[in-house]
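Here the structure comes first, spelled out in structure tokens, and everything after it is commentary.
Keep in mind that what you see is a predicted model, and the values were worked out from it rather than measured.
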Amino acid sequence: MRGFLASSTGVTCAAALALPLAPPAAATTSSTPPATSPTARSEAHAPGGTQSLRLAPLARDRAPGTAEQGLRRQDVRQFSLVGVVWDSPATELHGRVEVRTRATATGTWSGWQELETHNADHAADPGTLESASGRVRGATAPLWVGESDGVEVRVRASDAPGTARSGPAAAPLPTGLRLELVDPGEAAPPPTNRARSEAEPSVLPARTARPARAARQRAEPHAGARPAITTRRGWGADEKLREKGFVYTKKVKTAFVHHSATGNNYRCSQAPSVIRSIYRYHVNSTGWRDLGYNFLVDKCGNIYEGRAGGVSKPVLGAHTLGFNANSMGIAVLGTYSSKKPSSAALKAIARLTAWKVGLYGMNPRGKTYLKSGGGNLYRKGRKVRLNVISGHRDGFATNCPGKQLYAKLGTARSKAAAYQGR
């Protein structure tokens, strides 16, 4: 417990150092970017970090919780991922969050892009040390925008989904709204110690399945081969950011599939940068102990280690509120509400689940029971029957993993079972 609190304090202090670079610029309706402030350009860009900018009322009403808040266009230090956070994780943001950003390379402004506001379902289970740390915040899903140096944001409250409005009748917004601008930083340099480098490879190569690797598998010999997995070292995780130590559950009975909701405007060569940005957002902005997902998959089918603790071990994540115990979370990078996932991503999900749930004797086409830790679909303590490969929405009322990805989970189950030799 002392170690947990001490490391929490360290991360909190690190987040507190991320300060706004310049005050909001004057409002403008011109498509021409505002003049660059000398202060913004005089500071050298330091890769890796988070700028945290407090939002202000945009309407005449300046009272706290006003129904429309944001920031006018302004120059900022370079960033690639954006999100909005607020004080209480128990408070929902009913409304619409939109951002527009200026590309560093071209100086052009994007159109307005919407952030997914209902993101509380990706979180640690109620009553756990991680959820009760005192530094967890409410947050939107993050959005990957690429290298940018200008930003504008508006948050408009609504009484119900799809009825955004900024009048006095709209519900108040959460308190403490802040815009988080994340720079992923560079990948960590390789260790100078050769032995350590050999012990911590950047990629775990694919491994042929063996029929009985452990006592728990002898009764159920079906286990898929381990696919190639890019480790945390491989995607450049800064291990000083996360909490020290690891938390485990007993087994992995269910794999919950998610989409990261960070948008599809990324190249697969950028996936490590996207993951480093999500990692910083989850730890420094949202207040979690580490990256929430156990694994991530990009649209080219590459698999990445998520939360630290060992790829073959039952590491407790923060991905499906109420069902993090005895499960794992797999996030496909992108947004799949209307866009179909790639066949490569589906194949990666199948290979990963065939191996990982196979370690615990689970059939990817089968059903299992998990006990709810509490959520908006199932009360705490209820035993819930779930698919071994489930979508996030099966455990929580949410759009995740998006309509198009959810519709393909049957294909992933069949492929995974085939990889297990069933």
So which of Glu116, Glu114, Glu68 actually passes salt bridge (Lys or Arg N to Asp or Glu O under 4.0 Å) with Arg96?
-> Glu114
Among Arg73, Arg102, Arg77, the one residue meeting salt bridge (Lys or Arg N to Asp or Glu O under 4.0 Å) with Asp149 = Arg102
For [X] and [Y], indicate whether the former's side chain and the latter's backbone hold a donor-acceptor pair under 3.5 Å.
{"X": "Arg100", "Y": "Trp109", "value": "no"}
{"X": "Asn326", "Y": "Lys250", "value": "yes"}
{"X": "Lys253", "Y": "Tyr369", "value": "yes"}
{"X": "Ser414", "Y": "Gly410", "value": "yes"}
{"X": "Ser372", "Y": "Gly381", "value": "no"}
{"X": "Arg232", "Y": "Gly306", "value": "yes"}

Intermediate values then yes/no, side-chain contact (heavy atoms from CB on, under 4.5 Å), Tyr281 and Val82 = CA-CA 9 Å; Tyr281 187 72; Val82 59; over 6 Å; no
Got a sec: does the NZ of Lys415 have more than 12 other heavy atoms crowding it under 6.0 Å?
->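 It does not: Lys415 NZ has 12 such atoms or fewer within range.
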So with a 6.0 Å cut-off around NZ of Lys408, is the heavy-atom count from everything else above 12?
-> no
Sub-4.5 Å side-chain heavy-atom contact between [X] and [Y]:
{"X": "Val182", "Y": "Phe79", "value": "no"}
{"X": "Leu71", "Y": "Leu53", "value": "yes"}
{"X": "Val315", "Y": "Asn294", "value": "yes"}
{"X": "Lys371", "Y": "Arg382", "value": "no"}
{"X": "His282", "Y": "Asp290", "value": "no"}
{"X": "Lys299", "Y": "Cys268", "value": "yes"}
{"X": "Asp121", "Y": "His392", "value": "yes"}
{"X": "Ser285", "Y": "Arg178", "value": "no"}

Verify whether one side chain among [X] and [Y] offers a donor that lies under 3.5 Å from an acceptor in the other.
{"X": "Arg233", "Y": "Ser202", "value": "yes"}
{"X": "Ser337", "Y": "Asn399", "value": "yes"}
{"X": "Ser131", "Y": "Thr128", "value": "yes"}
{"X": "Ser52", "Y": "Glu180", "value": "yes"}
{"X": "Arg276", "Y": "Ser273", "value": "yes"}
{"X": "Arg242", "Y": "Tyr279", "value": "no"}

To check you understand the geometry: which heavy-atom pair defines the closest contact between [X] and [Y], and what is its length?
{"X": "Gly395", "Y": "Tyr378", "result": "O-CD1, 4.2 Å"}
{"X": "Val151", "Y": "Leu179", "result": "CG2-CD2, 3.8 Å"}
{"X": "Asn376", "Y": "Ala397", "result": "OD1-N, 2.9 Å"}
{"X": "Tyr360", "Y": "Pro314", "result": "OH-CD, 3.2 Å"}
{"X": "Leu177", "Y": "Val84", "result": "CD2-CG1, 3.8 Å"}
{"X": "Ile389", "Y": "Ala416", "result": "CD1-CB, 4.0 Å"}

What's the verdict on salt bridge (charged side-chain N to carboxylate O under 4.0 Å, His left out) for Arg72 and Glu152, showing C-alpha distance, side-chain angles and the deciding distance?
-> CA-CA 5 Å; Arg72 307 296 183 185; Glu152 182 177 10; 5.3 Å; no
What distance do [X] atom [atom1] and [Y] atom [atom2] have between them, rounded to the nearest 0.5 Å?
{"X": "Arg289", "Y": "Arg135", "atom1": "CZ", "atom2": "CZ", "value": "9.0 Å"}
{"X": "Thr230", "Y": "Trp235", "atom1": "OG1", "atom2": "CH2", "value": "11.0 Å"}
{"X": "Met328", "Y": "Asn324", "atom1": "CE", "atom2": "CG", "value": "13.5 Å"}
{"X": "Gln420", "Y": "His222", "atom1": "CD", "atom2": "NE2", "value": "7.5 Å"}
{"X": "Lys251", "Y": "Leu359", "atom1": "NZ", "atom2": "CG", "value": "13.0 Å"}
{"X": "Thr175", "Y": "Asp87", "atom1": "OG1", "atom2": "CG", "value": "4.0 Å"}

List in chain and number order the residues that pass salt bridge (charged side-chain N to carboxylate O under 4.0 Å, His left out) with Arg154, two or more places apart in sequence or in another chain; answer none if no residue qualifies.
->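 Result, salt bridge (charged side-chain N to carboxylate O under 4.0 Å, His left out) vs Arg154: Glu98.
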For Asp298, the salt bridge (charged side-chain N to carboxylate O under 4.0 Å, His left out) test, sequence neighbours excluded, returns none
Step by step, work out the side-chain contact (heavy atoms from CB on, under 4.5 Å) result for Leu143 and Leu81.
-> CA-CA 5 Å; Leu143 179 69; Leu81 180 137; 6.0 Å; no
For residues 259-268, which residue pairs qualify under side chain to side chain donor-acceptor pair (under 3.5 Å), counting only residues two or more places apart or in two chains?
->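 As it turns out, the side chain to side chain donor-acceptor pair (under 3.5 Å) pairs with a partner in residues 259-268, which skip direct neighbours, are Ser260-Thr262.
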Chi angles and distances behind the side-chain contact (heavy atoms from CB on, under 4.5 Å) call for Leu333, Val297 = CA-CA 6 Å; Leu333 296 179; Val297 172; over 6 Å; no
Taking the six-membered ring for Trp, are His258 and His319 parallel (under 30°), tilted (30 to 60°) or perpendicular (over 60°)?
->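 Rings of His258 and His319: perpendicular, over 60°.
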Working for side-chain contact (heavy atoms from CB on, under 4.5 Å), residues Val155 and Leu93 = CA-CA 9 Å; Val155 182; Leu93 194 163; 4.2 Å; yes
Stepwise ring pair (Phe, Tyr, Trp, His ring centres under 6.0 Å) test for His122 and Phe396 | CA-CA 9 Å; His122 299 77; Phe396 199 97; 8.8 Å; no
Could you list the residues that satisfy side-chain contact (heavy atoms from CB on, under 4.5 Å) with Thr91, not counting sequence neighbours?
->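 Thr91 satisfies side-chain contact (heavy atoms from CB on, under 4.5 Å) with Trp86, Ser88, Pro174 once adjacent residues are dropped.
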Please name all residues satisfying side-chain contact (heavy atoms from CB on, under 4.5 Å) with Val311, sequence neighbours left out, ordered by chain then number.
-> Leu204, Ile229, Phe295, Glu305, Trp355
Sorted by chain and number, sequence neighbours left out, side-chain hydrogen bond (donor to acceptor under 3.5 Å, both in side chains) with Thr231 holds for none
